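Since the structure is predicted, the reported quantities are computational estimates derived from the model, not experimental observations. Note on naming: letters A, B, ... go to the chains in the order of the sequence lines (proteins, then strands), and numbering restarts at 1 for each one.
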Amino acid sequence: MRKVLGPSFFNRPTLAVARDLLGKYLVRKVRGKEIALLITETEGYHGTKDLACHARAGRTARNDPMWGKPGHAYVYFTYGMHWMLNLVTGPDGFPSAVLIRALGDELNGPAKLTKFLQIDKRLNTKPLAKTSGLWVEDRGVIVKRSEIQRGPRVGISYAGEYAHKPWRFMVKKKKSGN
DNA sequence: ACGATGATGAAC
DNA sequence: TTCATCATCGTA
């Protein structure tokens with residue numbers, strides 16, 4: 001089974017998309033080579049009231065992609081050196097997205113995976129599709145509820161009551177030594 | 001614990 | 001136009 005996920009997958013509540021992305025594959029094609037990696041950690045950012053979400057400041061040049069159509073990439077630059085990959089969720093006109101925080105066991109960190117996959121501003125606003133060189137596939141991996149760990153999002157302690165909302169989803173680590 | 005390193009948004 | 005801040009990471 002190998003199905004490219006389109007807008008109907010992303011045009012759903014942000015937290016449902018964040019949870020369901022666990023076990024899906026992020027695929028990047030660069031210079032003719034495809035790299036497919038399991039999505040193992042995500043965070044949801046939802047609407048203008050979420051003080052951790054970039055859309056809290058209203059619609060701006062930077063966060064504009066979040067307000068657009070579901071199933072597109074929102075890639076932004078932070079800390080003077082890091083690119084972050086987000087997948088836009090919800091209906092056109094509503095600002096929300098899911099941050100991809102980890103792929104597999106190795107690329108555990110949102111800036112590590114973008115560096116490895118050569119994701120930067122060139123992919124911002126692009127649709128998640130083969131023609132963009134970046135897309136998401138369902139390859140039939142099932143992640144059970146019992147394998148999913150939830151917790152507060154990382155690096156947003158300024159966000160008041162939203163700082164402790166459990167909008168981070170991760171696949172529980174397997175025991176070492178397989 | 002902290003520095004690297006620059007875009008962003010809000011204040012002035 | 002200036003300034004503090006930032007959805008981080010590697011080194012200490």
Whole Å only: how far is the [atom1] atom of [X] from the [atom2] atom of [N]?
X        : N     : atom1 : atom2 : answer
A:Met81  : B:dA4 : CE    : P     : 9 Å
A:Arg101 : C:dT8 : CZ    : P     : 5 Å
A:Glu41  : C:dA7 : CD    : P     : 16 Å
A:Arg62  : C:dC6 : CZ    : P     : 11 Å
A:Tyr45  : C:dC6 : OH    : P     : 12 Å
A:Lys112 : C:dA7 : NZ    : P     : 19 Å
A:Arg56  : B:dG9 : CZ    : P     : 9 Å
A:Leu107 : C:dT8 : CG    : P     : 16 Å

Tell me, what's DNA chain B's dot-bracket, Watson-Crick or G-U with both distances under 3.5 Å, | for other-strand, [ ] crossing? ||||.||||||.

If you look at every strand shown and take non-hydrogen atoms under 4.0 Å, does A:Leu99 touch a base, only sugar-phosphate, or nothing? base

Please work out if A:Ala52 contacts a base, only the sugar-phosphate, or nothing of the nucleic acid, heavy-atom cut-off 4.0 Å. base

Is the ring pair A:Trp167/A:Tyr162 parallel, tilted or perpendicular, if the boundaries are 30 and 60 degrees? perpendicular

For A:Ser8 and A:Asn11, test the side chains for any donor-to-acceptor distance below 3.5 angstrom and give the result as yes or no. no

Going by an N to O cut-off under 4.0 Å, is there a salt bridge joining A:Asp50 and A:Arg56? no

Out of C:dT8, C:dA7, C:dC9, whichever nucleotide has its closest atom nearest the side chain of A:Tyr79: C:dT8

So, under a plain 3.5 Å distance rule, would you say the side chain of A:His82 forms a donor-acceptor pair with the base of C:dA7? no

With a 4.5 Å heavy-atom cut-off, do A:Val4 and A:Leu128 have their side chains touching? no

With a 4.5 Å cut-off on side-chain heavy atoms, are A:Leu5 and A:Lys24 touching? yes

Using the ring centroid of each side chain, check whether A:Phe10 and A:His72 are separated by less than 6.0 Å. no

Please measure how far the P atom in C:dT2 lies from the corresponding atom in B:dT5, and state the result in whole Å. 22 Å

Fellow cluster residues of A:Tyr45, listed by chain then number, with links counted only when side-chain atoms sit under 4.5 Å apart: A:Met66, A:Trp67, A:Tyr74, A:Tyr76, A:Met84, A:Val88, A:Leu99, A:Ile156, A:Tyr158

Going by ring centres under 5.5 Å and near-parallel planes (under 30°), is A:Phe77 stacked on B:dA7? no

C:dA7 OP1/OP2 closer than 4.0 Å to side-chain N/O of A:Thr78: no

